[in-house]
Amino acid sequence: MKKVTYLIFFVFITIGYSQKKSNGLEKQNSNQFDISLATGISSPSSTFSDNSYAADGSFFELSSTYYFSKIGMGISLGSFSNPTEGNLLEFTNNTGYTLSNNSENWKTSYYGIGPNYRTNIGSLEAIIFTRAGLMAVKPNSLQSRFVVENADTPASIPVYNLNTSETSQSGFYTAGIKLGYKLNRSLSFYISANYLSSFSEDLEIEESRTNIQNFDLNRDGTIDQDEIAKLLGTQIDYQTSTINSKIQALNYGFGLSYSFGKRTIKIGGTEKPYARGNDGSDNQETIFNKPINSGTVVFTNPSKDKRKNQQKLVSILPKNKSVFKDVNSIKNFTWEIIGSKIPNPQFIIEVTKISGNQQAQRTYIGKTSRMSISTKEIFKDNNLSDGQYRWKVTETSTGNSSDVKFYTFSNCEIDFTISNEEIECLGYEGEDRKYKICFDSTYSSSSGDLTFVNPGSGLSVFDQAYAPLTYTMISPNPTLLTQVGTTTSTVSYCFEVTVSASVTSIGFGLQGDDLDPSPLLCQPGVSFMFDELPDCICDECEDIELSFDNFNISLNGATGNQFNFDGDINVNVPIYGIEFQVQSYSYSASPSACTEGVSSVEESGMILMPGTSINGSTSLQLFNETVSGSPSSNNNATKDIKYTSNSPLTGAIPVNLTIGLPGPISGLDPSCCVIDYTVCIKVKVFYEESNCKSCVFTHCFTFNNQ
């Protein structure tokens, strides 16, 4: 009974703790099959062990469950076998006489159906289940006999007999728990424990016994051949009784589970495929408009959405800019996941030796599902050469990568570090962003001074692909300075770099001259990388909202290939400028042959003048293509148009954008050619008079020409 009590207590503790700590499965809809195999120890209890000599044996179970969500319905097939030899021998040894025993195992098989409940506790998966069904116990027979073989009259006299005459069938119930650890997305290892019992005492056992001491006729403590001879000619009295027993056992062991089918995660009312980090959304919304349709359109603010459902992989050890004598000083690479958990993560770690210009000289790869990996698993030998190394970790199912960390192997006495790294966005130069990066270089070494053969090239700047970037060093030091090694010195540097939208990370490094003229490499070098660049927006963008009120899309005259986008822009803060850019457009015609497609540059999703106006003004800045000198260039067609003001703009700002798109074939009645369009527009509002600080909003419009 103690075993059952412990099991019930553990189940309730698991339920309570999982409600507090579960992470992930409460957000999952899992239309999924699980198939599991389990084996272990079957420990009989209560009347089954007391009345039938059943001892600890083994069990085997095959089960399958279909999960609708956290709840599933399962079926189980199993059997358990309990030996009797040991307990029967203990009984017969207490008689004081040597008896010969014949015993069989109790063999029970069962099948049942019932619900499962699944939840998470940290990285473990807990499954609480119950079943009800039918069980069958095979016939069994146990015998103890008094045997005298070395007498003149050999004898074999039954002393005890326990048997069941036929297969016993009964209803049963079971309840238990499984604790599993996922080896991968489909395969899990688990330990399990369950209590199983028949509903009633349907196992009927017939028991016959006699008092063996009655064979000792002269009561001298031994049974000799004369007494055996007398007994063989007499009737031996046996006591026969019937015992009804329940089949009760506690089964505990381990097993494997295989899962397959569809699993989805429900986020914000929508369902997304399991183990995908996002659905590829570009923060754009779509509305459907007839040619004339009024209403309010709210543009999406990417600066807000960017902070939702963030998930980050962070490298921990070795720490950035560390210096080691050899690889044995590192031992392990470790990292962690911040934010939402990743089911069954699989990691790839890349360790790369780099040259002074950040070029890869050799790369080492390691794979693991843990949050750490030893150096022995990555490096085939420990004879790694001196120099700079960088490392990062990538989780394969989500594609998330950690920040890049740098470390150095060196046998030279060098203390060289970069500190106080700062990055600041100076604004836009067209579509490019301009950054200012400052840092401190601290150096000391008994091996020599920090020098640069070319003080203008000892600094390298690179992007996330380690491609070099052009930079300009600025005050306080326009060139790199020598730092004397006998004392610790710190020099501050700043540089400016302009990058395109494709650049997501900026790194830089200092590479000094070799301090040792011998073949031994003693070259000081340090590197650092900004894995997250400032968005060139301030926190104000978190609170800025933009909308189009009373918005209409209509045909511009009878041309059939120009549309007016009319409405009032409303921003909840004063602004000093506004810019519109056509990001993309698409169209489809029915029938498809009723349009020639793009027959001129003006029909390729261009904003056209003179019909376009912002705040009632046609004095707009057009970012158009004229530098080619092509005769087909149109100075009044652009993908990007901007309006600026010297005074703050508040309230409703009227906007009329005339956009050229593919239309019906010339001369064809437009009603005979239905064209569906999708136009995506990016709106940038400038909330400072200098027009350096801005917020970006996006929206896609779907409409037709009818």
Search all heavy atoms of Asp531 against all heavy atoms of Ser402 and return the closest pair with its distance. OD1-O, 4.4 Å

When you measure from the side chain of Asp513 to the backbone N and O of Phe452, does any donor-acceptor pair fall under 3.5 Å? yes

N/O donor-acceptor pair under 3.5 Å between Gln581 side chain and Asp640 backbone: no

4.5 Å side-chain heavy-atom contact, Ile373 and Ile378: yes

Restricting to non-hydrogen atoms, name the atom on Glu545 and the atom on Asn572 that form the minimum distance, rounded to 0.1 Å. N-OD1, 2.9 Å

Quick one: is the NZ or CZ of Lys642 closer than 6.0 Å to the six-membered ring centre of Phe686, and within 45° of its axis? yes

For Thr334, is there any backbone N or O sitting under 3.5 Å from a side-chain donor or acceptor partner on Arg370? no

Take Leu533 and Thr504, measure what side chain to side chain contact (heavy atoms under 4.5 Å, CB included) needs, and give me the verdict at the end. CA-CA 6 Å; Leu533 301 181; Thr504 59; 5.6 Å; no

Pick from Thr498, Leu469, Val499: which one makes a side-chain contact (heavy atoms from CB on, under 4.5 Å) with Tyr435? Val499

Hey, would you say the Tyr443 and Phe416 ring centroids sit under 6.0 Å apart? yes

Nearest heavy-atom neighbours spanning Asn477 and Ser492: ND2-O, 2.7 Å

Single hit among Thr442, Asp440, Val526, Thr490 for side-chain contact (heavy atoms from CB on, under 4.5 Å) with Thr417: Thr442

Aromatic ring proximity, centroids under 6.0 angstrom, Trp335 and Phe347: yes

Compute the ring centroids of Phe508 and Tyr471, then answer whether they are less than 6.0 Å apart. no

With distance as the sole criterion, is a donor-acceptor pair present between the side chains of Thr644 and Gln621 under 3.5 Å? no

Residues at least two apart in sequence or cross-chain that pass salt bridge (charged side-chain N to carboxylate O under 4.0 Å, His left out) with Glu421, listed by chain then number, are Lys321

Just to verify, what does Tyr493 make a ring-ring contact (aromatic ring centres under 6.0 Å, His included) with, not counting sequence neighbours? Phe439

Check salt bridge (charged side-chain N to carboxylate O under 4.0 Å, His left out) between Glu336 and all other residues, then give those that pass, not counting sequence neighbours. none

Shortest non-hydrogen contact from Ser369 toward Gln346: CB-NE2, 3.7 Å

Would you call the rings of Phe530 and Phe528 parallel, tilted or perpendicular, taking 30° and 60° as the class edges? perpendicular

Is there a donor in the side chain of Tyr407 and an acceptor in the side chain of Arg390, or the other way round, less than 3.5 Å apart? no

On a heavy-atom basis, which atom in Ser444 and which in Thr487 lie closest, and how many Å separate them? CB-O, 3.9 Å

If you measure from OG on Ser445 to CG on Leu450, what distance do you get to the nearest 0.5 Å? 9.0 Å

Ring centre gap for Phe697 and His699 strictly below 6.0 Å: no

Distance-minimising heavy-atom pair for Asn332 and Pro318: O-CD, 4.3 Å

Return yes if some donor-acceptor pair links the side-chain N/O of Asp449 with the main-chain N/O of Gly485 below 3.5 Å, else return no. yes

Does Ile641 offer a backbone N or O that forms a donor-acceptor pair with the side chain of Glu579 under 3.5 Å? no

Looking only at the side chains, is there a donor atom on one of Thr451 and Thr482 sitting less than 3.5 Å from an acceptor on the other? no

Between Gln464 (side chain) and Ser502 (backbone), is there a donor-acceptor pair under 3.5 Å? yes

